[in-house]
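Contents: one structure, followed by commentary.
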Amino acid sequence: MSFKYKSNKDNVLNALTNAQKLALEAVGMLVEAEAKLRTPVDTGTLRRSISNQVDESDKRVDIGSNCEYAVYVHEGTSTQKAQPFIKDGVMENIAEIKKIVGEKFQTEFK
C-alpha cells in the first residue's frame, strides 16, 4: 500500500497571515474608536488626531496620536490628572478584542 503526501503548509501559513492581518485591522479600528470616545474634548484636535496603523512585520497594531500634548493628557502632569483614553480603550475591551481575534481566525479556517 502506498501513500501520497501533499503538504498544505503554504496554505496554512497564508491563512494564518491573513487572519492575523484581519484581526489586527479590526482590533485597531475598535480601539481607535473606543479611545476617541474616551478622549476629553476642548477643541477636538486631540480626538481627531487619534489613529491606528497595522505593522505586519512586527505583528502589531499601533494606536496613538501625533498631537504634541497627547501624552500629557493621557499620562497626566503634576497639575493635571491622567486621562488614559487609549489605555482604557484597550483594557476595558479585552473581552471584545479576544472575541474579534477568535472570530477572524475561525472565519479564515472554515
Side-chain angles (χ1 to χ4, degrees):
M1 179 178 248
S2 67
F3 293 96
K4 190 170 185 180
Y5 172 77
K6 180 182 176 197
S7 173
N8 286 317
K9 180 181 100 175
D10 290 338
N11 292 338
V12 171
L13 290 175
N14 287 337
L16 283 169
T17 300
N18 192 47
Q20 180 180 5
K21 179 182 177 193
L22 293 172
L24 288 171
E25 288 171 350
V27 168
M29 291 187 331
L30 170 72
V31 174
E32 177 184 332
E34 290 292 328
K36 285 180 176 182
L37 288 173
R38 290 168 170 74
T39 302
V41 177
D42 186 12
T43 64
T45 301
L46 178 56
R47 180 177 281 173
R48 285 189 302 274
S49 74
I50 298 170
S51 64
N52 78 83
Q53 184 171 358
V54 173
D55 184 338
E56 289 182 61
S57 63
D58 284 341
K59 300 174 179 83
R60 71 172 196 240
V61 61
D62 297 320
I63 297 110
S65 168
N66 61 359
C67 191
E68 63 186 39
Y69 59 87
V71 67
Y72 302 113
V73 175
H74 194 273
E75 301 299 321
T77 66
S78 62
T79 59
Q80 179 180 319
K81 180 182 167 212
Q83 300 175 73
F85 51 93
I86 295 174
K87 180 181 176 185
D88 289 350
V90 173
M91 299 309 293
E92 292 177 17
N93 287 285
I94 294 293
E96 184 65 21
I97 291 168
K98 288 179 180 180
K99 179 181 171 189
I100 288 170
V101 172
E103 287 172 353
K104 296 302 178 188
F105 277 83
Q106 284 180 346
T107 300
E108 193 64 32
F109 284 96
K110 278 190 175 180

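- Under the 3.5 Å distance criterion, the side-chain polar atoms of Arg47 are matched with a main-chain donor or acceptor of Lys36.
- Within the 4.5 Å cutoff, no side-chain heavy atoms of Val41 are placed close to those of Leu46.
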Which donor-acceptor pairs under 3.5 Å do the side chains of residues 67-86 make with protein atoms, sequence neighbours left out?
from, atom 1, to, atom 2, distance (Å)
His74, NE2, Ile86, N, 3.3
His74, NE2, Lys87, N, 3.1
Thr77, OG1, Thr79, N, 3.2
Thr77, OG1, Thr79, OG1, 3.4
Thr77, OG1, Gln80, N, 3.0

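- Within a 6.0 Å sphere centred on CG of Asp42, other residues, nucleotides and ligands contribute 12 heavy atoms or fewer.
- In the displayed structure, Lys21 atom NZ is contacted under 6.0 Å by at most 12 heavy atoms of other residues, nucleotides or ligands.
- Under a 3.5 Å cut-off, the side chain of Asn8 and the backbone N or O of Asn11 do not form any donor-acceptor pair.
- For Arg48, there are no salt bridge (charged side-chain N to carboxylate O under 4.0 Å, His left out) partners, not counting sequence neighbours.
- In this structure, Glu34 CD and Ile63 CD1 are separated by 11.5 Å, a value rounded to the nearest 0.5 Å.
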Show me the side-chain donor-acceptor pairs of residues 88-97 shorter than 3.5 Å, one per line, residues at least two apart or across chains.
from, atom 1, to, atom 2, distance (Å)
Glu92, OE1, Arg38, NE, 3.4
Glu92, OE1, Arg38, NH2, 2.8
Asn93, ND2, Gly89, O, 2.8

Open item on the list: Val31 vs Asn52, test: side-chain contact (heavy atoms from CB on, under 4.5 Å). Steps then yes/no.
Closed with: CA-CA 8 Å; Val31 174; Asn52 78 83; over 6 Å; no
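- Side-chain atoms of Asp55 come within 3.5 Å of backbone N or O of Ser57 as a donor-acceptor pair.
- Between the side chains of Glu108 and Asn18, at least one donor-acceptor pair of N or O atoms lies under 3.5 Å.
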